[in-house]
Every structure is written in C-alpha cells, then in structure tokens.
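Working notes for the structure below.
By convention in this document, chain letters (A, B, ...) are assigned in the order of the sequence lines, proteins followed by strands, and residues within each chain are numbered from 1.
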Number of protein chains: 2
Amino acid sequence: MSPARARTSRSDIIGAARDLLEDGGLDAVSMAAVAKRVGVRPPSLYKHFADRDALIGAVATQAAVDLGDACADAVEAAGPDPTARLQALAVAYRTRAVAHPRATALLFAGIAPAAMPTPESQAEAARPVLDVVASIVGPAQALSAARVLTAFAHGFTSMETAGAFRFGGDVDEAYRFGISVLLAGLEGEGATSARS
Amino acid sequence: MSPARARTSRSDIIGAARDLLEDGGLDAVSMAAVAKRVGVRPPSLYKHFADRDALIGAVATQAAVDLGDACADAVEAAGPDPTARLQALAVAYRTRAVAHPRATALLFAGIAPAAMPTPESQAEAARPVLDVVASIVGPAQALSAARVLTAFAHGFTSMETAGAFRFGGDVDEAYRFGISVLLAGLEGEGATSARS
DNA sequence: ACCTGAACACCGTTCAAGT
DNA sequence: ACCTGAACACCGTTCAAGT
C-alpha cells in the first residue's frame with residue numbers, strides 16, 4: 001500500500017559519516033558502519049548516494065562550506081583593518097582545521113576526482129581569502145597571494161594534525177610567526193607593485 | 001631439504017607498492033596487487049612486513065628520505081648565497097612533490113601512527129631546511145621559520161596535486177610569488193630580531 | 001519510494017603444510 | 001627461512017522482493 005517512508009536522510013548520513021571519519025579515519029567510514037549509525041541496512045544508503053565515493057565527496061563538500069563560513073564570520077567580526085582581518089582569517093582557519101582535522105584533510109587529498117567539491121562551493125569558500133588579500137596587495141596579485149596564504153594555513157595545519165611537528169618548540173608561536181612573516185612580505189610586495 | 005630461497009625482498013616490495021600508489025592511489029595498494037607485481041602470493045608478504053600498514057609506512061619513510069636527499073642536493077648545488085639556497089630548496093621540494101605526488105602526500109596524512117617515519121629519518125630530511133633558514137633568520141627563530149617554509153611548500157604542492165587550484169591563473173607564478181614574499185618577510189624578521 | 005535479505009566478487013590476515 | 005593453498009571475517013555493491 002503506502003510506499004516505505006524514509007527512515008534517514010542525506011544530511012543524517014553525511015553527519016554519521018563525518019563523525020565516523022573524525023574518530024576513526026577513512027577506513028572507519030564503511031557503508032556498514034554508516035548504515036548502523038543511522039539505523040538502516042547498508043543497501044539503503046544507495047538510495048541516497050551513488051556509492052561510497054559520492055558519500056565521502058559529500059562529507060568533503062560540507063567541510064568546505066563549514067570552513068568557508070567560519071572564515072567569513074571571523075573576517076566580518078574583525079572590523080575594517082586589513083591586517084586584523086587577515087590575522088583573524090588565518091586563526092579561524094587553523095581553529096576549524098584543528099577541530100575537524102580529518103574532514104579538513106579530505107579537502108586537499110584522497111578524494112575520488114568525481115566526488116570533489118563543486119567549483120561553485122569552492123569559489124564560495126575561497127571568497128573571504130580573496131577579498132582580504134586584495135585589500136593588501138591589490139587585485140592584480142590577489143589570486144597568487146590568496147594561494148600563498150591558503151597554502152601556508154593548509155600546509156601548517158595539515159602538518160600539525162598529522163603529528164609532523166615532533167621536534168618540540170612552540171607550535172602556536174610558529175603559526176603567529178608565519179602570519180607576521182607573510183604579512184610583512186605581502187605589504188612589501190603590495191608597496192612594490194603600487195610603486196611600479 | 002634446502003629451505004625456500006627468497007623470491008622477493010623488502011625493497012622490491014616497497015618499490016612495487018610505491019608504483020601502485022602513484023598510479024592508482026592508496027586503494028590500488030592491495031596486498032594482492034603488490035604480491036602479483038613482485039611475483040609471489042599475498043601471504044608471503046607477511047614474512048617481510050607485519051601488515052599492510054607497515055608496508056605503507058615503509059613507502060612513506062622511503063619517500064621522506066628521497067625528498068630530503070633531493071632537497072639537500074639542490075641546496076648544495078646552489079652555492080653559498082642564502083637567498084639562492086632557499087629558492088633552490090623550495091623549487092626542489094616542489095619538483096619532487098609534483099613528480100611523486102601520492103607518496104609525498106603520504107608523509108603528511110593518512111598513515112597509521114604506528115607506521116609513521118621514525119623521528120630520526122624525519123630529522124635527517126628536515127636538516128637542509130633548518131640549515132638554510134638559520135642562515136637567514138638566525139638560530140633562535142630557525143625552527144619556526146623552517147616550519148613556516150615547509151608548511152608553505154607542502155601546502156602549496158599538496159593543493160596543486162590535489163587539483164585545488166581551479167580558478168585559472170599562473171600556478172608557477174604563484175609559487176615564485178610565495179617564495180619571494182616569504183624571503184622578504186623572513187629577512188625583515190631576521191633584521192628585527194638582530195636589532196632587538 | 002524507500003527498505004530489506006541474500007548473494008557476488010573482493011580484501012586483509014592467519015595457519016598448517018610444503019620445500 | 002620463505003613460500004603456498006585453503007580458510008575466515010569483512011567489505012562495497014547489486015538485485016529481486018517486500019511495504
């Protein structure tokens with residue numbers, strides 16, 4: 001008679017997969033484990049996602065959106081000063097990346113190409129960085145500067161969460177040092193290009 | 001009578017695993033595929049490695065050693081000027097990382113903790129960076145500066161190989177821009193700390 | 001329209017048996 | 001001392017059948 005009503009949803013499934021990912025790594029995100037967590041049998045998941053790669057891709061896309069939102073909020077809250085905005089952005093990126101390390105790592109590695117976040121959602125997430133650096137180095141070098149800043153923030157936090165900083169020292173200090181080095185360098189480059 | 005002679009070796013197996021990794025991703029590094037490539041049956045691999053994680057870890061350690069060697073050679077070949085040495089180091093890092101993207105990515109993500117490269121091999125690989133930056137910012141800030149530089153190089157190349165630079169623009173240019181921004185910033189910071 | 005049990009090909013790993 | 005075939009528990013995925 002009445003068709004079977006949905007016992008779970010796309011967002012439930014994504015949430016369950018994200019939780020399993022964060023506390024067990026990619027291997028822990030099995031279709032069996034996800035299904036058990038949302039209360040259905042594994043085959044039912046295929047009514048919501050084409051396959052496991054598509055589910056992992058959806059987790060990555062969600063992480064990109066959340067990361068972009070967190071950065072945008074932080075920039076907004078930092079007031080009008082470009083330097084303060086860039087610092088707030090870098091700090092917010094690290095805070096989010098360290099709080100959800102494996103979902104964030106998913107953004108830059110280990111995803112089936114077909115499941116990568118859409119260019120649109122990536123552009124949305126990249127907006128705040130582009131805006132902030134443009135106000136420092138100007139529009140002509142904004143794209144390169146955004147790439148450099150993102151590379152630093154992503155690289156640093158991915159090394160941090162992978163446990164690559166094993167020689168002691170103050171990791172917080174190193175991050176602050178990096179931000180101030182980049183700021184000093186960007187302001188120099190911005191001045192250079194403004195002068196020429 | 002005579003005990004069975006070895007039909008393969010640790011380094012053969014690591015090489016086969018690395019090749020499979022580079023052109024098929026981690027999923028392609030199955031014990032079955034590795035065994036077939038070296039000409040034995042899967043169970044035999046367990047005489048050489050405790051389990052799959054240990055094999056993946058050995059691939060990662062090998063990649064760390066190769067990367068460190070490539071960087072050290074490049075620094076050596078660049079002559080005495082600290083700026084030239086740092087530029088050569090950054091370029092060599094990227095060249096190697098882009099040529100062997102998945103093995104390099106392994107260094108910073110997705111490895112079982114027990115299988116991570118030993119601190120000794122990591123220290124060996126990190127030596128050239130530490131030496132070069134020490135000559136620019138001085139010993140007190142060498143560790144932080146090395147972390148910042150490595151974070152940039154690793155972050156940039158990992159984004160590049162993951163296909164994260166999708167808004168056009170000149171990727172080579174962005175990398176050069178990053179190096180010059182970091183150099184300008186580091187020289188400023190070095191001067192600052194020398195002054196104080 | 002979504003859910004289920006049964007089934008398939010595959011995987012990592014163990015182990016007793018071969019040489 | 002290393003190799004092998006057989007076996008185990010597990011995984012992703014498909015599909016016909018249920019409601």
Quiz item: Between B:Ala64 and B:Ala125, which heavy-atom pair has the shortest distance, and what is it?
Solution: O-CB, 3.6 Å
Quiz item: Would one find a side-chain N or O of B:His48 under 4.0 angstrom from OP1 or OP2 of D:dA1?
Solution: no
Quiz item: Atom CZ of A:Phe49 to atom P of D:dT13: distance rounded to whole Å?
Solution: 13 Å
Quiz item: Do B:Tyr175 and B:Phe152 pass the ring-ring contact (aromatic ring centres under 6.0 Å, His included) test, and can you show the C-alpha distance, the side-chain angles, and the key distance before you say yes or no?
Solution: CA-CA 9 Å; B:Tyr175 195 68; B:Phe152 165 70; 5.3 Å; yes
Practice problem: Convert the base pairs of DNA chain D into dot-bracket notation, remembering that pairs crossing earlier ones are written with [ ] and that bases paired across to another strand are shown as |; include only Watson-Crick or G-U pairs under 3.5 Å. | Solution: ||.|||||...|||||.||
Practice problem: To the nearest Å, give me how far apart NZ (B:Lys36) and P (D:dG5) are. | Solution: 13 Å
Practice problem: Calculate the interatomic distance between A:Leu45 atom CG and D:dC11 atom P; express it in whole Å. | Solution: 13 Å
Practice problem: Mind calculating the distance between CD1 (B:Ile56) and P (C:dC11) to the nearest angstrom? | Solution: 14 Å
Quiz item: When we call it a touch if two heavy atoms are under 4.0 Å apart, what does A:Ser30 touch: a base, just sugar-phosphate, or nothing?
Solution: sugar-phosphate
Quiz item: Just to confirm, is there a sub-4.0 Å distance from OP1 or OP2 of C:dC3 to any side-chain nitrogen or oxygen of A:Arg41?
Solution: no
Please list each protein N or O that sits under 3.5 Å from an N or O in nucleotides 14-16 of chain C, with the distance.
none

Practice problem: Please report the closest heavy-atom contact between B:Arg52 and B:Val29, naming both atoms and the distance. | Solution: NE-O, 2.9 Å
Quiz item: CG/B:Leu26 to CZ/B:Arg102 distance, rounded to the nearest 0.5 angstrom?
Solution: 8.5 Å
Quiz item: Could you give the CE-to-C1' distance, from A:Met31 to C:dC10, as a whole number of Å?
Solution: 16 Å
Quiz prompt | Taking every non-hydrogen atom, the tightest pair across B:Phe49 and B:Ala58 | solution = CE2-CB, 3.7 Å
Self-check item: Phosphate OP1/OP2 of C:dC3 contacted by A:Arg7 side-chain N/O (<4.0 Å)
Solution: no
Exercise. For A:Leu55 and D:dT13, give me the distance from atom CG to atom P, rounded to whole Å.
Key: 10 Å
Quiz item: Side-chain N or O of B:Ser44 less than 4.0 angstrom from OP1 or OP2 on D:dC2?
Solution: no
Quiz item: Which heavy-atom pair separates B:Ala17 from B:Val59 by the least distance, and what is that distance?
Solution: CB-CG2, 3.7 Å
Self-check item: No-hydrogen, no-angle side-chain donor-acceptor test under 3.5 Å, A:Arg166 and B:Gln122
Solution: yes
Exercise. Take atom CG of B:Asp51 and atom P of D:dC10, then tell me their distance rounded to the nearest Å.
Key: 17 Å
Practice problem: Please name the pair of heavy atoms, one in B:Ala35 and one in B:Arg41, separated by the smallest distance, quoted to 0.1 Å. | Solution: CB-C, 3.7 Å
Quiz item: In whole Å, what is the span from the CD1 atom of A:Ile13 to the P atom of C:dC2?
Solution: 11 Å
Quiz prompt | Over 12 foreign heavy atoms within 6.0 Å of CZ, B:Arg127 | solution = no
